[in-house]
Amino acid sequence: MPNEDIDWQNLEALEKYRSYTRYITAAEKARNKEVWWKTYRQYVDQQPDPEFGLVDIGLPYCRPSRVKEARERRKVMRENRKNPELERATRLRSFRISLDKVKTEWEKTNGPYHIQRLAEHYGIYRDLFPMAYFVPRVMLRVGYEGDGSALVHYGNHLSPTQASVAPHISFEAEEDSLWTLLLTSPGTETSVMCVGNIPGGAVLSGQEICPYIAPFPAKGTGFQRYVFILFKQDVHVDFSSDVRPSPCHSLKQRSFKTVDFYRKYEDLITPAGLAFFQSQWDESVTSTFHTLLNMREPVFEYERPPVYHPPQQKYPHGQPLRYMDRYRDGKEHTYGIY
């Protein structure tokens, strides 16, 4: 065990460092020494076994030819140089770039990889697909509050009140394609919404597997993640064994593990899109527990350990005047010189 070679009953006999430089040298030597146990940081930052690395379970992707991309880029640059209006706007500093065009180009190039890095940062793959990941090739557009003003991006904050009604969801898809959309909470392992056999991009025309319910992060648990995952289906899938009743106001029936769902249909569905937000408790969650779920609302509180005070000294030299208050009985302190 760590420090097992130290005689704690005779600490005065230990060698003194006598200088800060010698202490740093000894500390570096002890840190670099190989030991059989792991520190907390090593447990948190541990890397997967190289022999069993992360598996890409997403859609196959064929990168376009770099030569073709460079040729098209040079062609656009030549056309821009020949455009007198563009030259004049640039010279007068009145040229404006459309952010919609920039976003469209980002979604086709670096966007999927940026979203993947964000999902790794928030632990989405780790908690939903252990030892696996995917690059979201299909862009999900999710908006709440009727007009879609409360958008879901990649980790932004939305309150349960804003997400009280089912969102508006759209994505680009071929007319003869089939999709499955899942909204789940990795922290609570519950299914918030699930729709299968979506024809094209018409989410409302799909088969309702689990009806939508507003997010209900328990009080005291902080921010909870809510993840939209879009799966592409190869064929029409029979989800009859996973269909929940509508309305579904039972936490037991909403218990859900994404990895089990994917393993069950992994030969028929492939993850293709991703979007997620964070939400924490507000007053609407109390109504959800009492009215819809018909149960007492759980509340989590942190119980702080009692304050530690060292053994009282008979002659407390160099201590403040309120030193004795630490060892008095009762919660209220008394003031004075003792």
Should the ring pair [X] and [Y] be called parallel, tilted or perpendicular, given that the plane angle runs from 0 to 90° and is split at 30 and 60?
X: Phe261; Y: Phe256; value: tilted
X: Tyr212; Y: Tyr144; value: tilted
X: Tyr23; Y: Tyr20; value: tilted

Working to the nearest 0.5 Å, report the span between [atom1] of [X] and [atom2] of [Y].
X: Arg71; Y: Arg73; atom1: CZ; atom2: CZ; value: 12.0 Å
X: Arg263; Y: Phe129; atom1: CZ; atom2: CZ; value: 10.5 Å
X: His153; Y: Phe276; atom1: NE2; atom2: CZ; value: 11.5 Å
X: Asp234; Y: Leu178; atom1: CG; atom2: CG; value: 9.5 Å
X: Glu69; Y: Glu72; atom1: CD; atom2: CD; value: 7.5 Å
X: Leu204; Y: Glu208; atom1: CG; atom2: CD; value: 10.5 Å

When you measure from the side chain of [X] to the backbone of [Y], do you find a donor-acceptor pair of N or O atoms at a distance under 3.5 Å?
X: Tyr125; Y: Phe134; result: yes
X: Arg304; Y: Tyr302; result: no
X: Arg137; Y: Tyr61; result: no
X: Asn156; Y: Leu151; result: yes
X: Arg254; Y: Cys248; result: yes
X: Gln278; Y: Gly155; result: yes

Is it the case that more than 12 heavy atoms not belonging to [X] sit under 6.0 Å from its [atom1] atom?
X: Glu172; atom1: CD; answer: no
X: Leu92; atom1: CG; answer: yes
X: Glu175; atom1: CD; answer: no
X: Arg66; atom1: CZ; answer: no
X: Glu85; atom1: CD; answer: no

Heavy-atom distance under 4.5 Å between the side chains of [X] and [Y], does that happen here?
X: Leu118; Y: His114; value: no
X: Lys29; Y: Lys33; value: no
X: Arg88; Y: Phe95; value: no
X: Thr288; Y: Pro160; value: no
X: Val227; Y: Leu183; value: no
X: Glu189; Y: Ser255; value: no
X: Leu182; Y: Ser191; value: yes
X: Ile209; Y: Val195; value: no

Working for salt bridge (Lys or Arg N to Asp or Glu O under 4.0 Å), residues Lys219 and Glu283:
CA-CA 10 Å; Lys219 188 175 183 179; Glu283 291 78 5; over 6 Å; no

Please report the C-alpha distance between Leu274 and Gln116 in whole Å, then the side-chain angles of each, then the deciding distance to 0.1 Å, and finally whether the side chain to side chain contact (heavy atoms under 4.5 Å, CB included) criterion is met.
CA-CA 9 Å; Leu274 180 70; Gln116 177 192 356; over 6 Å; no

One pair to check against side chain to side chain donor-acceptor pair (under 3.5 Å): Thr184 and Lys257. What are the steps and the verdict?
CA-CA 9 Å; Thr184 183; Lys257 295 199 67 172; over 6 Å; no

Judged by modelled atom types alone, do [X] and [Y] share a side-chain donor-acceptor pair under 3.5 Å?
X: Ser177; Y: Trp179; answer: yes
X: Ser284; Y: Asp282; answer: yes
X: Thr180; Y: Lys232; answer: no
X: Thr161; Y: Ser164; answer: no
X: Asp127; Y: Tyr122; answer: no
X: Gln224; Y: Thr188; answer: no

[X] and [Y]: same hydrophobic cluster, using ILVMFWY side-chain contacts below 4.5 Å?
X: Ile213; Y: Leu251; value: yes
X: Val299; Y: Phe223; value: no
X: Ile124; Y: Leu54; value: yes
X: Val76; Y: Val67; value: no
X: Val55; Y: Ile229; value: yes

Evaluate Glu105 against Lys101 for salt bridge (Lys or Arg N to Asp or Glu O under 4.0 Å), listing each step before the verdict.
CA-CA 6 Å; Glu105 183 68 18; Lys101 293 183 179 179; over 6 Å; no

Heavy-atom pair with the smallest gap, counting every atom of [X] and [Y]:
X: Phe300; Y: Ala218; answer: CE1-CB, 3.7 Å
X: Val285; Y: Pro215; answer: CG2-O, 4.2 Å
X: Arg141; Y: Glu107; answer: NH2-OE1, 2.9 Å

Using the rule given for side chain to side chain donor-acceptor pair (under 3.5 Å), can you reason through Asn197 versus Gln233, listing the C-alpha separation, both sets of side-chain angles and the distance that settles it, and then say yes or no?
CA-CA 8 Å; Asn197 296 315; Gln233 301 177 199; 2.8 Å; yes

When the aromatic ring centroids of Phe289 and Phe216 are compared, is their separation below 6.0 Å?
yes

For the aromatic rings, using the six-membered ring if either is Trp, is the centroid distance between Tyr154 and Phe277 under 6.0 Å?
no

Step by step, work out the side chain to side chain contact (heavy atoms under 4.5 Å, CB included) result for Leu181 and Met193.
CA-CA 8 Å; Leu181 181 66; Met193 180 185 69; 4.0 Å; yes

Does Ser240 form a side chain to side chain donor-acceptor pair (under 3.5 Å) with Asp238? I'd like the steps, not just the answer.
CA-CA 6 Å; Ser240 57; Asp238 182 14; 3.0 Å; yes

Verify side chain to side chain contact (heavy atoms under 4.5 Å, CB included) between Thr221 and Trp281, making sure each step is shown before the conclusion.
CA-CA 8 Å; Thr221 58; Trp281 181 92; over 6 Å; no

Between Phe231 and the options Ile269, Thr270, Leu268, Val237, the side chain to side chain contact (heavy atoms under 4.5 Å, CB included) test singles out Ile269

With side chain to side chain contact (heavy atoms under 4.5 Å, CB included) as the test, would you mind laying out the steps for Leu140 and Ile169 before giving the verdict?
CA-CA 7 Å; Leu140 276 175; Ile169 304 172; 4.1 Å; yes

